[in-house]
Every structure is written in C-alpha cells, then in structure tokens.
There are 2 protein chains.
Amino acid sequence: MNSNRIGKIVRFHRKISGLSREACARLAGVGKTAVYDVEHGKSTVQLDTLLKILAVMNIQIELQSPFMKQFEDEES
Amino acid sequence: MNSNRIGKIVRFHRKISGLSREACARLAGVGKTAVYDVEHGKSTVQLDTLLKILAVMNIQIELQSPFMKQFEDEES
DNA sequence: TCATTTTTACTGGTTTAGCAGCAAAAATAG
DNA sequence: CTATTTTTGCTGCTAAACCAGTAAAAATGA
C-alpha cells in the first residue's frame, strides 16, 4: 500500500458516494485541500486527516503481519 | 483502527524484532522522535513516516470496504 | 447553446511535524 | 552493585501541512 493507491481508492469511493471534494471535506471536518492532496497521492498528509476522510468513505484500515494474532491475544 | 492502536501494534512488533527505537528509526530512515510519536499514538504523524516504520516492521496496511472489489476490477 | 457544478491550481498566513542534540530516568546485562 | 542500553522528555530550528480564499479550466446538465 502506498499513498498513490490510497488516493485512487479514496477518489473512487468519493465518486461512488456522489460527493464533491468540498462536501467530503466538510463531512470529514478537514479542508478541501486535504481531500485534494490525499486523492493526488500526497505522502505527507497527516494520519488523522487521512483517517477522517477514510471514515467518511466507510473505508476500514487494517494492519496485517504474522504477529497480529499474537498481539491480539496478549492485548486482552 | 486509530492512532493509539497503531502505536501499540508498532511497539509490539518492534519489541519482537528486538530493535531499539533508534535502530528502528535508522532502518526506517526517520528520526527517533517519529518512532516515539507513533508508538504514543500521535495522530498527526505523516503518512509517509508511518508507512516507513510499518515497512521496517513488516506490517502490511490494507484498506477494506464493500466497494474494494469493484475498484480492483476497474483498476486493470 | 448557456448555466451550474466540480476540479485544478495557486495564494498568504498559521500551526506544527520532524529533526538532532542533550540529559535524566528506567530497564537490562554483567 | 555497576556499567550499558534504552526510554522518556525536553530544546530550538526548519520545512511544510493545513486552511480559507480566489480564479480559471473542465465537466455536467438543462
């Protein structure tokens, strides 16, 4: 996964949801510039900005590794 | 997924890999402050910084939604 | 065609992320 | 206990993320 792919995914989902950038930005509580930057694969966007946008698009983010199961076991 | 959980996951994996923060930071090509911030759930870390650290830890990041399959179909 | 909306692309200003360096506390090793 | 390593937490500095505003190009629709 990289920022370019993330951008494409965000744009695709925004189009499906029928939202303009400004509408998306307003819902996410970020500026329209941030949505523009994310969709253009800007790699330096801040995590919270990205997460807000992903949340509006109903996109879940998941981390995977061979040790995730062990992590979840020890978590509880 | 949120920044606090990401931080815990990163720390867990770093411990498993037997790396100190500084070693992890050096491998990832970021400063030790960035690793510290990520592990402490700082939500304003930049995406590229986070991705570099995740890469060193061999943690994959994945986006999920009901439309991801459609996205991948139209991608090719 | 013409009007509206959306997207792209810049602006200046404010805030802050990331950095290295330092030092003290905490953990680890011998 | 002692020495070493690691972690925490601060510093000032530089670069840049984010924002709202503006405007023009592109797309959409009536």
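Every chain is numbered from 1, with letters handed out A, B, ... down the list of sequences. None of the values given here were measured: they were computed from a predicted structure.
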Short side-chain N/O contact to [N] OP1/OP2 from [X], under 4.0 Å:
X	N	result
A:T44	D:dA16	no
B:R21	C:dA27	no
B:K15	D:dT7	yes
A:T49	D:dC18	yes
A:Y36	C:dA9	yes
B:H40	D:dT7	no

How many Å lie between [atom1] on [X] and [atom2] on [N], as a whole number?
X	N	atom1	atom2	value
B:R26	D:dT5	CZ	P	12 Å
A:D48	C:dA17	CG	C1'	11 Å
B:L47	C:dG18	CG	P	11 Å
A:D37	C:dT11	CG	C1'	14 Å
B:K42	C:dT15	NZ	C1'	12 Å
B:Q46	C:dT15	CD	P	18 Å

Quick one: the side chain of B:K32 and the base of C:dG21, do they pair up donor-acceptor inside 3.5 Å? yes

Salt-bridge present ([X], [Y]; N to O < 4.0 Å):
X	Y	value
A:K69	A:E74	no
B:E75	A:R5	yes
B:E39	B:K8	no

- Query: NA contact type, A:S20, heavy-atom cut-off 4.0 Å: base, sugar-phosphate, or nothing?
  - Reply: sugar-phosphate

Taking for B:A34 and for B:E22 the nucleotide of DNA chain C with the nearest heavy atom, the one nearer the 5' end belongs to B:A34

Under 3.5 Å, side chain of A:R14 to main-chain N/O of A:L19, donor-acceptor pair present?
yes

### Query
Under 3.5 Å, side chain of B:S3 to main-chain N/O of B:G41, donor-acceptor pair present?
yes

